[in-house]
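Have a look at the structure below, then the notes.
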Amino acid sequence: MPITLNHVSYTYAPGTAYATGALNDVSLTISDGEFVGIMGKTGCGKSTLIQLIAGLLTPTSGTVEVDGRDINSPSYDRSLLRRRVGVVFQHPEHQLFETTVERDVAFGLKHLGLSKEEKQQAVRQALEAVGFEYETVKNQSPLSFSGGEKRRFAIAGVLAVKPGILILDEPIAGLDPLGRQSFLALLDRLHEAGTTILMISHNADAIAEHAQRVVVLEQGSLLMDGEAGQVLSENTFLKEHGIGVGQAAQIAALLEAKGIAMEPGTVRYDDLLRQMIAIGRRLQQ
Ligand SMILES: Nc1ncnc2c1ncn2[C@@H]1O[C@H](COP(=O)(O)OP(=O)(O)O)[C@@H](O)[C@H]1O
Ligand SMILES: [Mg+2]
């Protein structure tokens with residue numbers, strides 16, 4: 001079990017006039033190799049949740065375990081966590097500060113005891129994974145690239161460490177459709193290679209197409225947790241709670257309302273298309 005939260009609560013600035021309860025008694029287990037989408041309205045606690053998993057915040061109460069160990073216990077070796085869990089924060093492109101792309105992507109490899117060749121190899125692979133040619137970009141300043149390209153460098157820096165668990169906070173927000181597509185394809189490849197992925201996103205279609213499981217938070221508590229098709233087809237419930245509904249799920253619901261029976265949990269375009277083709281064929285007969 002790579003990640004287990006046991007009754008985790010978190011309050012910012014506890015005991016002050018500004019105390020904000022951000023998470024309230026959240027229990028959650030994420031298994032090896034899962035691709036989990038995390039949704040919920042702004043301020044519901046998504047970013048707090050992932051910072052707790054990454055060990056950047058310590059629960060006010062409850063425990064966070066990674067690979068069966070309490071990451072906040074004094075005897076826990078934090079360097080394990082840094083290798084195991086990679087976090088891509090919101091707007092990671094704002095965190096580039098080294099003079100060359102190579103140095104920036106290699107930043108997280110410091111103190112891992114790698115040789116110069118091993119580091120170079122890790123940087124090369126990470127840059128190639130996000131679609132750059134190592135030799136072309138390695139000596140350039142990251143600041144001379146576009147926003148989308150900078151974001152890919154920042155992500156390469158996280159991938160270079162080869163984390164088994166990858167957590168991403170709204171990674172596709174603000175990317176153009178092509179950038180979004182190639183980025184999500186990269187996540188699929190990492191997932192197929194065995195990486196556990198947690199992705200926060202408001203984009204219900206992206207989550208429907210790529211995640212297997214969806215966790216929805218509301219005001220610091222778990223509102224829903226289940227298989228992606230099951231959660232994302234609850235259109236009425238999701239809308240009532242201010243959560244975006246995907247296009248494919250809406251089309252499926254519109255067809256249902258016209259008396260055309262759709263398979264339960266239709267939230268993906270390929271599923272929708274397959275059923276519409278079958279319906280079309282039946283009509284032609
Ligand atoms: N550094 C902080 N100090 C005080 N309150 C915070 C801080 N960060 C977040 N909060 C509050 O905690 C709650 C959860 O925030 P957050 O986890 O960022 O939600 P989300 O990522 O879902 O938008 C919100 O009420 C937010 O205002
Ligand atoms: Mg957030």
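Counting starts at 1 for both ligands and their atoms, in listed order. As the structure is a computational prediction, the values presented were derived from the model and not from experiment.
- Protein heavy atom closest to atom 4 (C) of ligand 1, with residue, atom name and distance, is Y12 CB, 3.4 Å.
- Taking 4.0 Å as the cut-off, Q51 does not count as a neighbour of ligand 1 on heavy-atom distance.
- Counted by atom type alone, Q51 and T48 present zero donor-acceptor pairs between their side chains at under 3.5 Å.
- Taking the ring centre of F132 as origin, the terminal cationic atom of R152 falls inside the region bounded by 6.0 Å and 45° from the ring axis.
- For the 3.5 Å distance criterion, the side chains of S201 and E170 fail to qualify, holding no donor opposite an acceptor.
- Looking only at heavy atoms of the protein, atom 18 (O) of ligand 1 is closest to S47 CB, 3.8 Å.
- Nearest non-hydrogen protein atom to atom 25 (O) of ligand 1 is T20 CG2, 3.6 Å.
- Within the 4.0 angstrom cut-off, atom 27 (O) of ligand 1 has no protein heavy-atom neighbours.
- Heavy atoms of T48 found under 4.0 angstrom from ligand 1 belong to the backbone as well as the side chain.
- Within the 4.0 Å heavy-atom cutoff, G45 counts among the residues contacting ligand 1.
- Salt bridge absent: K150 and E93 never bring a charged side-chain N and a carboxylate O closer than 4.0 Å.
- Within the listing of ligand 1, atoms 23 (O) sit less than 4.0 angstrom from a heavy atom of T42.
- A salt bridge links R274 to E263: one of the charged nitrogens lies within less than 4.0 Å of a carboxylate oxygen.
- For atom 9 (C) of ligand 1, the protein comes within 4.0 Å by at least one heavy atom.
- Of all atoms in ligand 1, numbered sequentially from 1 with element shown, those under 4.0 Å from a heavy atom of K41 are 22 (O).
- V267 and L272 fall into different hydrophobic clusters, where Ile, Leu, Val, Met, Phe, Trp and Tyr side chains are chained together by heavy-atom contacts under 4.5 Å.
- Look at R268 and D271 and you find no salt bridge, because none of the NZ, NE, NH1 or NH2 atoms lies under 4.0 Å from a carboxylate O.
- For the residues G220, A22, G43, the heavy atom positioned nearest atom 20 (P) of ligand 1 is part of G43.
- Put simply, T42 stays out of reach of the Mg ion (ligand 2), with no N, O or S atom under 2.8 Å from it.
- For the pair D67 and R84, the salt-bridge criterion is met [side-chain N within less than 4.0 Å of a carboxylate O].
- In this structure, C44 counts as a contact residue of ligand 1, since one of its heavy atoms falls inside 4.0 Å of the ligand.
- Under the 6.0 Å cut-off for aromatic ring centres, Y10 and Y12 qualify, their centroids lying closer than that.
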